[in-house]
Amino acid sequence: MNVRRLISTGAVAGATALSLVTLSACAGASGAAGRHGGGKLDVVASFYPMQYLAEQIGGEHVAVTTLTKPGVEPHDLELKPRQASALRQADYVLYLKGVQPAVDDAIAQAGVEHTVDAGTLTELEAHGTAVGGDHDHAHGDDEHGGGQDPHVWLDPVKYAEIARGVGKSLEKADPAHSAEYTKNTDALVAKLNTLNTRFTDGLKHTGTRTFITTHAAFGYLAERYGLEQQGIAGLDPESEPSPARIRELQSVAKQDKVTTVFFETLASDRTARTLAGDTGLKTDVLDPLEGITDRSKGDDYIGVMESNLAALRKALGAQ
Ligand SMILES: [Zn+2]
């Protein structure tokens with residue numbers, strides 16, 4: 001770990017010989033201590049679903065900072081110079097390519113040795129968000145070419161696959177604590193398996209399989225549990241639907257006995273309310289977990305996902 005720190009500091013920050021000596025002395029005196037003290041691996045996570053993995057799996061051996069502040073809509077995030085510099089000095093970077101284009105660029109430029117794209121730890125898919133019309137995946141198109149849907153964390157099974165990959169990569173980055181990373185990974189995967197069982201059982205028998213949502217982030221979740229997501233305006237939470245799309249949704253709502261239009265916590269609910277008002281539907285929150293705040297319906301990933309399950313059960317008429 002000490003050697004790696006010295007190499008990465010030298011290469012990336014262009015540190016002087018003097019600072020290398022200082023660091024060396026520091027590291028020698030405190031064993032495996034990192035630059036930022038406490039002997040922890042400095043982990044930078046791009047946004048909440050990555051932060052949660054790093055914290056759960058890294059446990060007490062990592063110090064996690066997140067590039068996306070709580071309550072900030074992550075897709076259009078631009079990094080501050082201070083964040084870019086913290087990024088360059090990280091020991092380990094965890095992100096999901098395709099969610100935040102500006103962050104993707106900054107991470108590529110930072111060139112940290114242990115940089116992990118969570119999208120490479122599972123299989124990403126392209127999801128049609130709706131029937132007909134122009135419903136491309138607004139984020140991800142440039143990066144993935146094939147218009148792959150990056151919202152993979154909303155499927156507990158794929159998120160567990162990613163968790164296993166993150167565990168392995170942390171073991172590689174910090175072999176001294178590999179036993180703990182393995183143990184923490186197993187514990188998190190067990191929690192995600194339980195969550196998956198609850199979704200499977202909870203959504204087995206419902207009055208309808210269709211739900212309408214502003215931000216079409218739930219393609220993986222819908223596919224996992226045999227539901228159909230109708231996105232109001234594709235993957236961009238702020239974009240306006242066309243009048244044709246609204247008419248289409250009105251007829252889908254009637255045909256599939258939809259009860260509820262979902263909106264999310266971090267974006268405007270105006271479109272959802274307009275559509276719901278026009279069609280006599282209720283509105284409720286379905287949280288894509290791109291950030292977590294005091295207003296989130298749960299303290300963490302598992303808590304918010306359980307609220308999402310309750311909201312889906314209610315909207316779909318689950319028994
Ligand atoms: Zn999104």
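Heavy atoms only: backbone and side chains are in, while hydrogens, waters and symmetry mates are out.
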Check your understanding: Does the side-chain contact (heavy atoms from CB on, under 4.5 Å) test come out yes or no for Tyr220 and Leu154, once each step is laid out?
Key -> CA-CA 7 Å; Tyr220 289 96; Leu154 292 163; 5.6 Å; no
Review point. Checking salt bridge (Lys or Arg N to Asp or Glu O under 4.0 Å) for the pair Arg164/Glu161: CA distance, chi angles, key distance, verdict?
Key: CA-CA 5 Å; Arg164 289 215 178 280; Glu161 271 176 52; over 6 Å; no
Exercise for review: Could you check Leu249 against Val258 for side-chain contact (heavy atoms from CB on, under 4.5 Å), going step by step and ending with a plain yes or no?
Suggested key: CA-CA 10 Å; Leu249 285 167; Val258 174; over 6 Å; no
Practice item. Starting from the C-alpha separation in whole Å, work towards a yes-or-no answer on side-chain contact (heavy atoms from CB on, under 4.5 Å) for Asp104 and Tyr95. Key: CA-CA 8 Å; Asp104 293 351; Tyr95 77 120; 3.5 Å; yes
Exercise for review: Given side-chain contact (heavy atoms from CB on, under 4.5 Å), test Gln100 with Glu290 step by step and report yes or no.
Suggested key: CA-CA 11 Å; Gln100 303 170 281; Glu290 290 178 350; over 6 Å; no
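Side-chain contact between Val44 and Leu67 is present, with heavy atoms from C-beta onward closer than 4.5 Å. In this structure, the side chains of Val103 and Leu79 come closer than 4.5 Å at one or more pairs of heavy atoms. Contact annotation: the side chain of Val62 approaches that of Tyr181 to within less than 4.5 Å [non-hydrogen atoms, C-beta and beyond]. Within the 4.5 Å cutoff, side-chain heavy atoms of Arg209 are placed close to those of Leu227.
Under the 3.5 Å distance criterion, with hydrogens and angles disregarded, a donor-acceptor pair is assigned to the side chains of Asn196 and Tyr225. Using modelled atom types and a 3.5 Å distance limit, the side chains of Glu171 and Thr182 yield a donor-acceptor pair.
A salt bridge is absent between Lys183 and Glu180: the closest approach of a Lys/Arg side-chain nitrogen to an acidic carboxylate oxygen does not fall below 4.0 angstrom. Between Lys191 and Asp186, none of the side-chain N atoms (NZ, or NE/NH1/NH2) sits under 4.0 Å from a carboxylate O, so this pair counts as no salt bridge. Ion pair Lys297/Asp284 flagged as a salt bridge, since at least one NZ, NE, NH1 or NH2 atom sits closer than 4.0 Å to an Asp/Glu carboxylate oxygen. Checked for salt-bridge contact, Asp117 and Lys97 miss the test: no charged N lies under 4.0 Å from a carboxylate O.
Sparse packing is recorded around CZ of Arg198, with 12 or fewer heavy atoms of other residues, nucleotides or ligands lying under 6.0 Å away.
Partner of Ser296 under the side-chain contact (heavy atoms from CB on, under 4.5 Å) criterion, chosen from Leu289, Val285, Val304: Val304. Checked options Val261, Thr213, Thr274; the residue passing with Ile232 is Val261 (criterion: side-chain contact (heavy atoms from CB on, under 4.5 Å)).
Using cut-offs of 30° and 60° on the angle between ring planes, the pair Phe47 and Trp153 is perpendicular. Ring pair His151/His75 is perpendicular by interplanar angle, where above 60° counts as perpendicular and below 30° as parallel. Using the six-membered ring where Trp is involved, Tyr92 and His114 have ring planes that are parallel, under 30° apart on the 30 and 60° scheme.
Under the 6.0 Å cut-off for aromatic ring centres, Tyr159 and Tyr301 qualify, their centroids lying closer than that.
Put simply, the side chain of Thr122 never gets that close to the backbone of Ala118: no donor and acceptor are under 3.5 Å apart. A distance-only check finds no donor-acceptor pair linking the side chain of Asp42 to the backbone of Ala90 [under 3.5 Å].
Rounded to the nearest 0.5 Å, atoms CG (Leu286) and CD1 (Ile212) are 12.5 Å apart.
Partners of Lys254 under the side chain to side chain donor-acceptor pair (under 3.5 Å) rule, at least two apart in sequence or in another chain, do not exist in this structure. Applying the salt bridge (charged side-chain N to carboxylate O under 4.0 Å, His left out) test to Lys204 and every residue at least two apart in sequence or in another chain returns Asp201.
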